[in-house]
Amino acid sequence: MSAPAQVAARRLSTLDRWLPVWIGAAMVAGLVLGRFVPALGEVLADLEVGGISIPIGLGLLVMMYPVLAKVRYDRVAAVTGDRRLLVSSLVLNWLVGPALMFALAWVFLPDLPEYRTGLIIVGLARCIAMVVIWNDLACGDREAAAVLVAVNSVFQVVAFSVLGWLYLTVLPGWLGLDTQGLDVSVGQIAVNVLVFLGVPLAAGFASRWVGERARGREWYEETFVPRIGPWALYGLLFTIVLLFALQGEAVTSNPLDVVRIALPLLVYFAVMWGVGMVTGRALGLGYARSTTLAFTAAGNNFELAIAVAIGTFGATSGQALAGVVGPLIEVPVLVGLVYVSLWAARRWFATDPYAAPAPAPLPDPARAADPEEVRA
């Protein structure tokens, strides 16, 4: 007898449904604070440890923990066995993404070297934080997102400095273009990865391990996870306010510069997401993993990009401003792409993104009783 075909649709909460409004309000609040409370930037700078802002770090940890606590870590092994997903993600993140941003930066900003360099740095910083939020809102594969983020984090520690040298010094020299040096500490990158990914990942794993053994999986997923879930968006909104407060004066004082920086970013996010989604569909990955591939390819680690730009060129540099404009454009664009993904689920993949997966059919006792079938 086949399993029941009943599936329950998980509707967006009020907080999720109005997410673009909350994010827009958070950005405006940050810009206003940065513009009219200039001392706030000094306070945040005084609260840095090892180049990491403690308030921003706390916001990112609060944002990351609930999503990583939802991951079913017993399924991670199945994700790592999907070579199509892993290889395509590595190609998109470390070959296509940086090359595309390099090309767009030179096409749109040939006369603005500081902003151009800042954009290239953004393209090198692959997303290890907010992508889990966008992926979760779009009903992507949480386990796949956790694995791809971890893989990108390892590659980031190894490849960021090398790619920075390639795209800011070597390649422009080969092409007869201006060169910009980039002195980035591998240790600093490792610290960023450890703080913004390692800590919440360890906390999420520990929560599931302890919770399931103490109260069972049903309690963990139906009681505990819904209670902590909204805190991911609270952390996101808090982080956005602080990030935009840091350079609120620079953003509001140079609106035309912001527009020029925004144009290549718009093209970049749309192209990377589209290529990721089309690649996933062409490879037969299904909606959930295609969505995960698309968002991990389109997202960028603006925290790392801003830290590198400030550490290398200074907090008031054009490179740092380009880093701040990154999330200004990325956040609303990727929120919009969440809704495009949900539309694509039904239009391109013929699936309901909110439907719970049907349970696997039970084995046929008659077939299982056959010794030859059992040995096979």
Side-chain angles (χ1 to χ4, degrees), residues 6-26 29 54-76 79 127-150 195-243 288 291-292 295 299 303 331 334-335 338-339 341-342 352-359:
Q6 299 292 333
V7 291
R10 179 176 64 83
R11 299 301 175 191
L12 284 172
S13 67
T14 301
L15 184 62
D16 290 343
R17 191 180 308 117
W18 293 96
L19 180 61
V21 176
W22 311 140
I23 289 177
I54 294 177
I56 292 176
L58 290 175
L60 288 171
L61 292 177
V62 172
M63 178 188 75
M64 293 282 286
Y65 166 69
V67 178
L68 292 173
K70 295 178 183 179
V71 173
R72 292 187 176 183
Y73 292 94
D74 53 357
R75 286 191 55 206
V76 167
V79 176
C127 194
I128 63 170
M130 285 191 178
V131 66
V132 294
I133 297 287
W134 316 134
N135 179 75
D136 203 51
L137 290 174
C139 301
D141 189 318
R142 289 178 187 142
E143 291 73 29
V147 170
L148 295 183
V149 164
V195 171
F196 300 128
L197 174 66
V199 172
L201 182 62
F205 177 83
S207 295
R208 181 170 284 277
W209 190 83
V210 173
E212 287 191 355
R213 279 156 182 75
R215 303 290 296 273
R217 173 164 289 190
E218 182 177 355
W219 172 86
Y220 184 85
E221 296 194 345
E222 296 184 6
T223 302
F224 180 74
V225 167
R227 287 179 181 174
I228 65 171
W231 283 94
L233 296 181
Y234 300 153
L236 171 64
L237 298 176
F238 175 76
T239 302
I240 290 172
V241 170
L242 293 185
L243 284 174
T291 297
T292 299
F295 279 104
E303 175 68 14
V331 170
L334 292 190
V335 168
V338 166
Y339 291 96
S341 296
L342 297 175
D352 180 359
Y354 295 118

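Atoms CG and CH2, on L237 and W22 in that order, are 9.0 Å from each other to the nearest 0.5 Å. Taking OH of Y339 as the reference point, atom CG of L137 lies at 8.0 Å (rounded to 0.5 Å). Atom CD in E218 sits 8.0 Å away from atom OG1 in T223 (nearest 0.5 Å).
In this structure A138 satisfies the side chain to side chain contact (heavy atoms under 4.5 Å, CB included) test together with Y287, T291, F295, V338, S341, sequence neighbours excluded.
Counting all heavy atoms, side chain and backbone alike, A145 lies closest to N135 at CB-ND2, 3.5 Å. What you find for A69 and I228 is that their closest heavy atoms are CB-CD1, 3.8 Å. In terms of heavy-atom proximity, P55 sits nearest to L242 at CB-CD1, 3.5 Å. Contact detail for L342 and C139: the closest heavy-atom pair is CD2-SG, 4.3 Å.
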Enumerate donor-acceptor pairs with a distance under 3.5 Å from any side-chain N or O in residues 201-208 to protein atoms, sequence neighbours excluded.
| residue | atom | partner | partner atom | Å |
| --- | --- | --- | --- | --- |
| S207 | OG | Y65 | OH | 2.5 |
| S207 | OG | A203 | O | 2.9 |
| R208 | NE | V71 | O | 2.6 |
| R208 | NH1 | E212 | OE2 | 2.5 |
| R208 | NH1 | E221 | OE2 | 3.3 |
| R208 | NH2 | K70 | O | 2.9 |
| R208 | NH2 | E221 | OE2 | 3.3 |

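Counting heavy atoms of neighbouring residues, nucleotides and ligands inside a 6.0 Å radius, atom CH2 of W219 exceeds 12 of them.
Identified under the salt bridge (charged side-chain N to carboxylate O under 4.0 Å, His left out) test for residues 231-241, with sequence neighbours left out: none.
Residues V147 and E143 fail the side-chain proximity criterion, which asks for heavy atoms closer than 4.5 Å.
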